[in-house]
*Asks:* 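The structure under discussion is supplied below as structure tokens; questions concerning it will follow.
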Amino acid sequence: MSETEQKINNLRAEIERHNYNYYVLSQPEISDFEFDALLRSLQELEAAHPEFFDANSPTQRVGSDLQSDFKQVEHRYPMLSLSNTYSEDEVADFYDRVQKGLNEPFKIDCELKFDGVSISLTYHKGILVRAVTRGDGVRGDDVTANVRTIRSIPLRLNGSDFPEEFEIRGEILMPWPVFEDLNRERERQEEPLFANPRNATSGTIKLQNPAIVASRRLDAYFYYMMGGSLPTDSHFENLQLARKWGFKISEAMRRCSTMEEVSAFIHHWDVARKELPIATDGIVLKVDSLYQQRNLGFTAKSPRWAIAYKFQAERALTQLMSVSYQVGRTGAVTPVANLEPVLLSGTTVKRASLHNADIIAGLDLREGDFVYVEKGGEIIPKIVGVDTSKRVPGHLSEPVIFPDICPECSTPLVREEGEAAFYCPNERGCPPQIIGRIEHFFTRKAMNINAGSETAEQLFRSGLVEDVADLYDLTDMQLMQLERWAEKSIRNFLDSLERSKEVPFERVLFALGIRYVGETVAKRLAKSFLSIDNLAKASLEELSEVNEIGGSIAGSVVRFFEDEANRILIERLRTAGLQFSVDPSLLENQSDILNGKSIVISGTFQFHSRDEYKALIEQHGGKNTGSISSKTNYLLAGANMGPAKLEKAKKLGIEIIDEDTFLKMIE
Ligand code: IVH
């Protein structure tokens, strides 16, 4: 194989991997800018070497987000993408091409490029009949049930001057404040965070439960109408009409007659977009007249009458001081760049994520390098490039090499197939993993033991505790010999260990720290399998049948119980008196009536204690949360509740219910 062919093959494989991360996993590892750069180098190589053409090359398709659980339907008109550019010169080239192609006066509509999930809606006689994702451009997922939950999408149109049958395309988005709320909640629940609103949106729109989708408060903007008999020849005018019919059409839209006006629009929104409540990543330019659009036509993949200009994400240049490697509770090794502090989008950045070994190798990173840090839609800044011109000539700099052994216990690291992260497999001998598990066991949502990370570390280092079962063998004599332990703290600690024996099974299951089994998954597993013995016997298939339990969770549970050491640990915990099955009295009177509902309890009550109300909410599928946010569905209000809470609930329009109403609801 020639060197060029090898290069083309490598690029194709790499791009396919990023496609999968982006469209299927919703977990991109690189920025759009980097992805576009990769795709462009492949396009160039393929153009120069047509002998290596391959119909399956990633340049020949638009990416797929198909998911098996939805009905797939063919688009009546394929959903094409736009050609895009990061350069204003190329926008001017586009303008010239249009001018030459049409050879008559024309107007260009400038719009924001919304950074969400594209959707195509079909309306028949003014009624929403279908909502389909882009999929591979030809076929997409029918997500109508989920889309119906989006408040800003009209189910029935206003007026009567709309075509009998038409499609309208737009972007589903999660506004920044909603995204931030959601991630805060996920952090509390120890669930993985969404990297940006787009990923959160695409994760949400593919949920199998429309009730949860509804609670995520998505939004949608529309920008493209198609059909046999659209009201006018002007794209701009048609969208103004669509606004009257009930669609959300951005006000940030301008019909321009010169390239100067186009440039002014770009410059204005490059800055002004930062004040918007939604993510945008560029400007879309479209020829206004539909007649002229038809005349210009399409290339194989995109229209000749439109182009997307993409904004450069905010970035700063700073020096890489060192790279540290952190080992987490699950053994995953995460590289973190320690940077010379630098100001970026209003905050000082000292550390940046390097994600994984591939990213480090791809950047050819050296210690002391000047690096670009970017904070695009992401919360954690990341390193996106190296300014190699700033390397001192003749000075041999050390490449950053991802360790092949664990920085904490020197065990050779492993990488599981299909995973980007390296793991230290020494679960039972690697200190941060053991300490992390003990610390996790202590947390309030797990066993609620009166201790934190320092105690976890001290107990482990003293040799008294090597796994969580050892905790229940501790005596006051042993603790007395440790530093900083007074009689009272010993009493408190041992008492809370004693009390933890009453902690319900679902929380014990969460406390075990099985990879991917967060609080919600633990609850679901406990509810479906009722005891640890049933769960330990469950096959991969049986596990996967449980709602929202995917393949990786199921696999992780099976592996956990295959490990003899884990089975011994569970037997020791059982002997210590922990709960390993669901309390049968709780199984009566269960329902799903509050599924997807988030309820805040406040004040004092007559018929039940607050804890009992909390249990009732959960028994009926709801979620009890601590503080009121725009995501709260009900405030269960008792006597003497704080005025601030009441005020906030009223302001956010949250339904306030009393004891009687609540008890009737779950009857
Ligand atoms: S027009 C045939 N307008 O960007 C052209 N697209 O790569 C139809 N997008 O798939 C698309 N904002 O998901 C258009 N104002 C806008 C847009 C927009 C965001 C997305 C859309 C499309 C992609 C183009």
Side-chain angles (χ1 to χ4, degrees), residues 19 22-23 32-33 35-36 39-40 58-59 61-65 75-86 90-91 94 98 108-121 131-138 140-141 143 147 166-174 196-199 201-202 205 218-227 230 235-236 238-240 242-243 247-256 262 265-266 269 273 276 278-288 290 292-294 296-311 377:
N19 257 337
Y22 185 105
Y23 285 103
D32 289 0
F33 179 78
F35 181 85
D36 291 342
L39 197 65
R40 204 175 290 199
T59 54
R61 60 177 204 156
V62 265
S64 173
D65 64 357
H75 290 292
R76 173 179 286 196
Y77 313 95
M79 278 181 93
L80 298 173
S81 61
L82 298 175
S83 59
N84 59 47
T85 173
Y86 287 87
E90 285 184 23
V91 173
F94 161 80
V98 169
I108 294 284
D109 297 327
C110 290
E111 301 166 13
L112 292 176
K113 186 173 186 315
F114 302 101
D115 192 11
V117 171
S118 48
I119 192 80
S120 185
L121 307 181
V132 184
T133 64
R134 170 147 122 191
D136 61 6
V138 177
D141 288 323
V143 290
V147 163
F166 71 98
E167 274 187 51
I168 190 159
R169 291 184 178 168
E171 207 83 355
I172 302 182
L173 301 147
M174 184 177 285
N196 55 43
R198 181 187 357 91
N199 294 344
T201 309
S202 94
I205 211 68
L218 297 172
D219 201 352
Y221 282 86
F222 290 85
Y223 45 66
Y224 188 47
M225 212 190 299
M226 346 187 52
L230 298 184
H235 167 71
F236 189 89
N238 286 343
L239 286 189
Q240 306 310 312
R243 182 183 291 132
F247 293 102
K248 198 158 183 176
I249 309 287
S250 170
E251 297 282 351
M253 202 179 154
R254 184 159 174 201
R255 190 156 41 169
C256 301
V262 171
F265 186 91
I266 290 179
W269 284 106
R273 72 187 179 108
L276 295 174
I278 42 150
T280 55
D281 61 346
I283 303 288
V284 179
L285 288 80
K286 299 172 188 165
V287 170
D288 182 57
L290 304 186
Q292 291 178 336
Q293 289 186 2
R294 276 191 296 276
L296 288 165
F298 292 83
T299 70
K301 284 189 299 289
S302 51
R304 286 202 188 83
W305 45 264
I307 192 169
Y309 167 81
K310 289 196 144 188
F311 297 126

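Read the numbers this way: they start at 1 and go in the same order the structure lists the ligands and their atoms. The chain is numbered in sequence order, starting from 1. Because only heavy atoms are used, hydrogens play no part in the values below, and waters and symmetry mates are left out as well, while side chains stay in. Predicted model only: the values in this text are computed from it and were never measured.
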*Asks:* Of the protein's non-hydrogen atoms, which lies at the shortest distance from atom 9 (N) of ligand 1, and what is that distance?
*Replies:* Y223 OH, 3.5 Å
*Asks:* Side chain or backbone, does S81 bring an N or O within less than 3.5 Å of an N or O on ligand 1?
*Replies:* no
*Asks:* With side chain to side chain contact (heavy atoms under 4.5 Å, CB included) as the test, pick out the partner of I108 among D288, I307, V91, V287.
*Replies:* V287
*Asks:* Say whether F114, considering both its backbone and side-chain N or O atoms, lies within less than 3.5 Å of an N or O atom on ligand 1.
*Replies:* yes
*Asks:* Numbering the atoms of ligand 1 from 1, which are under 4.0 Å from a heavy atom of L112?
*Replies:* 12 (N), 15 (N), 16 (C)
*Asks:* Taking the basic N atoms (NZ, or NE/NH1/NH2) and the acidic carboxylate oxygens, is any pair closer than 4.0 Å for D109 and R254?
*Replies:* no
*Asks:* Would you mind checking which non-hydrogen protein atom is closest to atom 13 (O) of ligand 1, with the distance to 0.1 Å?
*Replies:* E171 OE1, 2.8 Å
*Asks:* Purely on distance, is any nitrogen or oxygen of L82 under 3.5 Å from one on ligand 1?
*Replies:* yes
*Asks:* May I ask you to check whether W269 and F114 place their ring centres under 6.0 Å from each other?
*Replies:* no
*Asks:* So which protein heavy atom does atom 8 (C) of ligand 1 come closest to, and at what separation?
*Replies:* Y224 CD2, 3.8 Å
*Asks:* Side chain, backbone, both or neither: which part of K113 has a heavy atom under 4.0 Å from ligand 1?
*Replies:* both
*Asks:* So, 4.0 Å and heavy atoms of P303: is ligand 1 close enough to count as a contact?
*Replies:* yes
*Asks:* How does K286 reach ligand 1, if at all, at less than 4.0 Å between non-hydrogen atoms: by side chain, backbone, both, or neither?
*Replies:* side chain
*Asks:* Does R134 approach ligand 1 within less than 4.0 angstrom via side chain, backbone, both or neither, non-hydrogen atoms only?
*Replies:* side chain
*Asks:* Can you list the ligand 1 atoms lying under 4.0 Å from a non-hydrogen atom of S118?
*Replies:* 13 (O)
